[in-house]
Amino acid sequence: MTHSSRAELRRFLTLCYDDLRARLARRLNSVELAGDALQDTYMELCRGADLPPVQQPRSYLLRMAKNIALRKLHSEKYTVSLDDAKIAFDIADETPGPQRSLEAKIELEAFQRAIRELTPRRRVILHAARVEGKTLHAIALQLEISQRLVEIELKHALAHCALRLDRQLVQRFGPQPVQQSHGQDADKRFDDRDDR
């Protein structure tokens, strides 16, 4: 073929596609990359003005496809995925892993059991104080009992839950307990603090 226009090169690529892809795949070590490069070559041949005569269309198309593949590989080398960016910036993945999810589920079930084991009055006081955010005084008025009794019942409810969850109870009302050094983690504490 002494004279090849873009249309003739497209026709040659179509007729010899399997041979061109096999040759290009050997050079690039990838059948997939070779196929993509030939497709991009075909699209490139659909654009632009006519070409000067091409003496060896097979060599011309292979060189063109190889250059396209190399440009693609070079651009991908500098493309960064979101995961790569997170690693590079050392951004922690906020979603809990399977182990943490299982631990949370087990802990929630233990907490629900502990709540069910409370007396009805302690359950109501704990819910009012910790979920609804009511003051001890408001709970006492609601239940028509003394504020001191509400405080005692809340303290017992929290102590019971802390025991069932194997947590250290942190006290914020009443006299502070003497701290004992047993190597307990700060995150393993169960908070019995209350706003008055």
Side-chain angles (χ1 to χ4, degrees), residues 28-37 39-40 69-196:
L28 298 172
N29 290 325
S30 171
V31 175
E32 184 180 338
L33 182 58
D36 289 348
Q39 183 178 358
D40 291 346
L70 292 175
R71 279 196 307 268
K72 183 177 181 178
L73 286 173
H74 183 72
S75 69
E76 286 177 358
K77 180 180 176 183
Y78 295 104
T79 302
V80 178
S81 70
L82 182 57
D83 290 334
D84 293 337
K86 284 181 178 179
I87 291 168
F89 289 110
D90 198 26
I91 299 172
D93 185 5
E94 300 296 325
T95 57
Q99 168 109 15
R100 183 63 193 122
S101 294
L102 179 61
E103 290 170 359
K105 182 180 178 187
I106 291 170
E107 192 168 282
L108 178 61
E109 289 170 356
F111 180 66
Q112 289 171 335
R113 275 192 309 275
I115 296 293
R116 284 192 303 268
E117 294 170 354
L118 293 173
T119 64
R121 182 165 66 185
R122 287 182 182 170
R123 199 175 311 128
V124 167
I125 290 171
L126 181 63
H127 187 270
R130 293 298 180 253
V131 177
E132 296 174 16
K134 291 184 178 180
T135 64
L136 297 179
H137 179 72
I139 297 168
L141 291 174
Q142 175 188 337
L143 298 177
E144 298 178 350
I145 57 176
S146 72
Q147 183 174 326
R148 178 71 183 135
L149 183 56
V150 170
E151 184 178 319
I152 292 169
E153 292 285 69
L154 179 59
K155 184 175 181 179
H156 287 297
L158 291 169
H160 175 79
C161 291
L163 180 68
R164 290 291 187 253
L165 294 172
D166 193 30
R167 299 283 178 97
Q168 180 183 349
L169 186 63
V170 177
Q171 190 172 330
R172 198 170 74 177
F173 53 82
Q176 295 294 318
V178 177
Q179 290 290 337
Q180 296 178 357
S181 167
H182 290 356
Q184 303 257 347
D185 293 331
D187 63 322
K188 293 281 261 177
R189 291 188 254 172
F190 197 85
D191 196 352
D192 82 340
R193 292 174 250 194
D194 192 75
D195 298 321
R196 295 186 188 232

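Side chains included, hydrogens not; waters and symmetry mates left out as well; all remaining heavy atoms used. Computed from a predicted structure; not experimentally measured.
A 6.0 Å sphere centred on CD of Gln112 holds more than 12 heavy atoms belonging to other residues, nucleotides or ligands. Heavy atoms from other residues, nucleotides or ligands lying under 6.0 Å from CD of Gln99 number 12 at most.
Note: Gln147 CD to Thr135 OG1 = 7.0 Å, rounded to the nearest 0.5 Å. Once rounded to the nearest 0.5 Å, the distance linking CD1 of Ile145 with CD of Glu153 reads 6.5 Å. Atom CD1 of residue Ile106 and atom CG of residue Leu165 lie 12.5 Å apart, to the nearest 0.5 angstrom. Expressed to the nearest 0.5 Å, how far CG of Asp40 lies from NZ of Lys72 amounts to 6.0 Å. Of the inter-residue distances, the one linking Glu117 atom CD with Ile115 atom CD1 reads 9.5 Å to the nearest 0.5 angstrom. The distance from the CZ atom of Arg113 to the CG atom of Leu108 is 10.0 Å, given to the nearest 0.5 Å.
Using modelled atom types, no side-chain atom of Arg164 and backbone atom of Ala110 make a donor-acceptor pair closer than 3.5 Å.
Exactly one residue among Lys134, Glu132, Arg122 makes a side-chain hydrogen bond (donor to acceptor under 3.5 Å, both in side chains) with His127. That residue is Glu132.
With contacts defined as side-chain heavy-atom distances shorter than 4.5 Å, the pair Leu33/Leu73 qualifies.
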Using side chain to side chain contact (heavy atoms under 4.5 Å, CB included), reason through Arg121 and Leu149 one step at a time and then give a plain yes or no. CA-CA 11 Å; Arg121 182 165 66 185; Leu149 183 56; 3.7 Å; yes

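Smallest separation of non-hydrogen atoms from Leu118 and Ala157: CD2-CA, 3.8 Å. Taking every heavy atom of both residues into account, Ala140 and Ser146 meet most closely at CB-C, 3.8 Å.
Listed by chain and residue number, Glu151 satisfy the salt bridge (charged side-chain N to carboxylate O under 4.0 Å, His left out) test with Arg148 (two or more places apart in sequence, or in another chain).
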